[in-house]
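Keep in mind that what you see is a predicted model, and the values were worked out from it rather than measured.
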Protein chains: 2
Amino acid sequence: MKVRQLTFRLLQVYADVVRTGSITATANRLHLTQPTVSQQLKRLREIVGEPIVRQVEGRVVPTEVGQALYQLSQDLLSRTDVFSQYLDEYNRGGRGHFSIGLVNTAQYVLPRLLGPFSQANPQVDVTVEIGNRQQMLNRFERHEDDLYVFSHPPSEANVMAAPFLSNPLVVVGPENSRWANVKDLTMESLKDERFLLREPGSATRHTFDAWLYSAGIELRATQQIASNEAIRLAVASGMGLAVLSRHVVADSPKGVQELPLQGFPLKSRWHFVVRRERRLPPAAYRFLSFVQAWLALEFNEPEGELAVAELLRTLDTERR
Amino acid sequence: MKVRQLTFRLLQVYADVVRTGSITATANRLHLTQPTVSQQLKRLREIVGEPIVRQVEGRVVPTEVGQALYQLSQDLLSRTDVFSQYLDEYNRGGRGHFSIGLVNTAQYVLPRLLGPFSQANPQVDVTVEIGNRQQMLNRFERHEDDLYVFSHPPSEANVMAAPFLSNPLVVVGPENSRWANVKDLTMESLKDERFLLREPGSATRHTFDAWLYSAGIELRATQQIASNEAIRLAVASGMGLAVLSRHVVADSPKGVQELPLQGFPLKSRWHFVVRRERRLPPAAYRFLSFVQAWLALEFNEPEGELAVAELLRTLDTERR
DNA sequence: TATAGTCATAGAGGATTATCTATGGTGTAA
DNA sequence: TTACACCATAGATAATCCTCTATGACTATA
């Protein structure tokens, strides 16, 4: 058999001829003329190298080989159909895979979005990558993920960012800290306190450093700890103060409390970041849509909802 | 997905690209140029409507959709391959089906050919139709079978017949018949005996009738019985004499014996009969080849072997 | 035995495909 | 950085395919 020349079209036509038992009927059903169908059959016979139909009492009936061919056709066509359905589902975003890269702090919030999404879309497989800002930037450079969450989006051309959720940075101290009820508390008063800081690659650290710099303040004592969670525990045990995302504290606030420092909370927002040139997997698109709806319902973040909507609109116009 | 335009060739090329991870390598393996393969991929992508490969560190790797497509390709190609193998086997005659129509007497001999053949070709499915001459002629007219065995082939144009086995018709009487040892026994002596005859549609009857007519003899008493077996039993129980194929008697000779009548045995031969315009199934062809060999080995019928060889040769030249 | 329906074949057009050579871009590795 | 390997694109050509109309052959039914 000359497999190379075999076409799915031929199989489709052939299968219909076998079903209807008539060349003319198939021609009508498929909006072709009768000679066209005849010729398709002829070509298929040449490909197979063997007669596949013959006429019996005015009906077109498959030969023995033809029957085997018919079964093959049905088999192949239905499998192709399954794939086609998979494709549709994939394009609808209800199936498939995407990966999302998170900066550390975002891991305290994103599960609240990813959880419901996965529940609603069990066929979607999400890979979550977590690291500090610098690590995520590296992944971003290498195009390793489909979607990123940054506090400060990399300022590159062809990058789109949607600030979807506020990420207030607050100063925290241990429970019953002596600064807790001080009025008009300023950084000046705290500069002799020991501050527990994230490592330099971290976004939280970066933001705080920038603020300190612009305020012209230099800290006396600092200690570097690479995990928000470790910092929270250290603060609780009285090792010092720290600047953390309010979400980190809100998540399990035991042993620490927010201090009412002037100028705080520092405002920052998490951004969804995507590359313009990279085609976003439909599942990721669907996730963004999901987030948009969820923001309004659960997070009361109308601005974020708008930003995501805008992002989706841009993605829409870019992919066709 | 545009299934209509999908080709097996495209899938073959694509599958090879995925396996090798290189367009150039595939081009070499398939004896194509690199741009050709590139374009095939492009076309396949257009058919699928989705990117199917991308480049990662110099290698061509399938996307998520591409992986699903690869699996599909493997699946479809291997199934097609199975069909292709079936086709080969079918053409070799080692697989498939044919039907053979036998006149009654032949059923005493043909099992000795069909049995070994089926044993040697377990994948071949044979339908055996049995009837008297007239019934077989009807089937023959309607093209109902692939192959026939007649004593007297229908004299039609486009019919080929190969006399493959002698079918001597003998006169039989009961064991210890008083005619058994008579010298120079003639029909004249027997014309008062009762003869048990097959029905008029039967070939045996027809041959005997013709012989009687040419010999100018008319029988006194006859009785018609539609089965060779029943006739044999009736003869054994002394109801009369009969003309039967020697094969019928040889098969289980109890209670009857051949009478040494002058002019007997009447010579006749069984013929394989096929229509010229009908393409013989390869399995039937293989059966004829088998018979040819078997005739020499087991039946000592060199003439038959030659006739079958001649038939096969003609069939060979007619089908290409 | 007409007649209507069904299929095969011939001929022709335009569209699509398969394949090539030549060339340019891009990323990898020395 | 340079060189090389690899892939994409453009342009061209011959083959093939798809589809049509026209027509002839066969078959079953009225």
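The interatomic distance linking B/Ile47 (CD1) with C/dA18 (C1') rounds to 13 Å, in whole Å. Nucleotide C/dT9 holds its P atom 10 Å from the CD atom of A/Gln55, rounded to whole Å. In this structure, A/Leu10 places its CG atom 14 Å from C1' of C/dT16, rounding to the nearest Å. Atom-to-atom, CG of B/Leu41 to P of D/dT9 comes out at 11 Å; the value is rounded to the nearest Å. Atom pair A/Arg9:CZ and C/dT16:P shows a separation of 14 Å (rounding to whole Å applied). Atom CG in A/Leu6 sits about 13 Å away from atom P in C/dA18, given to the nearest Å. When rounded to the nearest whole Å, the span between NZ of A/Lys42 and P of C/dT6 equals 22 Å. The distance from atom CG of A/Leu44 to atom P of C/dA8 is 13 Å, rounded to the nearest whole Å.
Listed nucleotides D/dT21, C/dC7, D/dC7 differ in distance to A/Ser38; the shortest reach to its side chain belongs to C/dC7. The listed nucleotides are C/dA22, D/dC20, C/dT19; the one nearest the side chain of B/Leu32 is C/dT19. The A/Thr36 side chain lies nearest to D/dT19 when the options are C/dA8, D/dT19, C/dT19. Listed nucleotides C/dT9, C/dC7, C/dT21 differ in distance to A/Ser22; the shortest reach to its side chain belongs to C/dC7. Taking the side chain of B/Ile23 as heavy atoms from C-beta on, and the options C/dC20, C/dA8, D/dA8, the nearest nucleotide is D/dA8. Among the nucleotides D/dC17, C/dT21, D/dT21, the one closest to any side-chain atom of A/Arg43 is D/dC17. The B/Gln5 side chain lies nearest to C/dT17 when the options are C/dA8, C/dT21, C/dT17. Checking C/dA10, D/dC18, C/dT28 against the side-chain heavy atoms of A/Gln40 singles out D/dC18 as nearest.
Note that the CZ atom of A/Phe287 and the CG atom of A/Asn121 stand 10.5 Å from one another [nearest 0.5 Å]. From A/Arg205, atom CZ reaches atom CG of A/Asn132 across 11.5 Å, with rounding to the nearest 0.5 Å.
For C/dT16, the OP1/OP2 oxygens have no side-chain nitrogen or oxygen of B/Arg4 closer than 4.0 Å. For A/Gln39, no side-chain nitrogen or oxygen approaches OP1 or OP2 of D/dC18 to under 4.0 Å. Side-chain nitrogen and oxygen atoms of B/Thr24 include none within less than 4.0 Å of the OP1 or OP2 phosphate oxygen of D/dC6. Contact check, A/Gln34 against D/dC20: no side-chain N or O comes under 4.0 Å of OP1 or OP2.
Within a 6.0 Å sphere centred on CZ of B/Arg79, heavy atoms belonging to other residues, nucleotides or ligands number more than 12.
Checking A/Gln34 against A/Ser38 by side-chain atom types alone, a donor-acceptor pair falls below 3.5 Å.
Counting any heavy atom pair closer than 4.0 Å across all strands shown, A/Val60 reaches sugar-phosphate atoms only and no base atom. Heavy atoms of A/Arg59 sit nowhere under 4.0 angstrom from any nucleic acid atom.
The shortest distance between side-chain heavy atoms of A/Asp16 and A/Val37 does not fall below 4.5 Å. Residues A/Leu69 and A/Leu44 are in side-chain contact: their nearest non-hydrogen atoms beyond the backbone lie under 4.5 Å apart.
Between A/Tyr86 and A/Tyr90, the two ring planes are tilted [angle within 30° to 60°].
With axes fitted over five pairs at each extremity, the angle between the ends of the helix from C/dT1-D/dA30 to C/dA12-D/dT19 is 10° (10° resolution).
A cation-pi contact, defined as under 6.0 Å to the ring centre and within 45° of the axis, is absent between A/Arg279 and A/Tyr285.
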